[in-house]
Amino acid sequence: MSDKMVEVLASDVGARLAAARNALLANMHALGLTQANGWRIIEELRHTMEGTEWVFRPMHIREVAPAELRSSILIDHEGRPV
C-alpha cells in the first residue's frame, strides 16, 4: 500500500472516529450526562473476525450508564472503515 493511500485511510478513519465520539457526546448532553456532572467517554478496542471495532461509551464513577448509549466504528483487516 502506498504512503498516500495510508495517509488517506488514516485520515478517513480519524474523521470517522471523531464523528462517532462527537455523536455520542451530543447524545450524552441531550440526556444530561455532562462532564460537569462527572461523565466521561471511554474507548474500547475489540478485535473481531470482521476487523477492529472502536467502541465509545459513557462512564461515570458512581452512576450506571444507559446500556444502549454507545457509538462504534468498525475497521476491516485492510484498514478500511466498514
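Nothing fancy with the numbering, it's 1 onward along the sequence. Bear in mind that the values here come from a model prediction, so they are computed numbers and not experimental data.
Here the OG atom belonging to Ser72 is positioned 11.5 Å from the CG atom belonging to Leu45, to the nearest 0.5 angstrom. Between atom CZ of residue Arg46 and atom CG of residue Leu74 there is a gap of 11.5 Å, rounded to the nearest 0.5 Å. Between atom CE of residue Met28 and atom OG1 of residue Thr34 there is a gap of 8.0 Å, rounded to the nearest 0.5 Å. In this structure, CZ in Phe56 is found 9.5 Å from CG in Asn22, a value given to the nearest 0.5 Å. Taking CG from Leu33 and CG from Leu24, the interatomic distance works out to 9.0 Å, rounded to the nearest 0.5 Å.
The nearest pair of heavy atoms linking Pro81 to Asp12 is CG-OD2, 3.3 Å. Smallest separation of non-hydrogen atoms from Ile75 and Val82: C-CG2, 4.4 Å. In plain terms, the two heavy atoms of Pro58 and Ala65 that are nearest each other are O-CB, 3.4 Å.
Listed by first and then second residue, the side-chain hydrogen bond (donor to acceptor under 3.5 Å, both in side chains) pairs involving residues 55-67 are Glu44-Arg57 (not counting sequence neighbours). A ring-ring contact (aromatic ring centres under 6.0 Å, His included) check over residues 61-82, counting only residues at least two apart or in different chains, returns nothing.
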Below 3.5 Å, can you tabulate the donor-acceptor pairs from side chains in residues 4-11 to any protein atom, sequence neighbours excluded?
none

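Cluster annotation: Val55 is not connected to Ile73 through the hydrophobic network of ILVMFWY side chains, with a link wherever side-chain heavy atoms come within less than 4.5 Å.
In terms of modelled atom types and a separation under 3.5 Å, the side chain of Asn27 and the main chain of Leu69 share no donor-acceptor contact.
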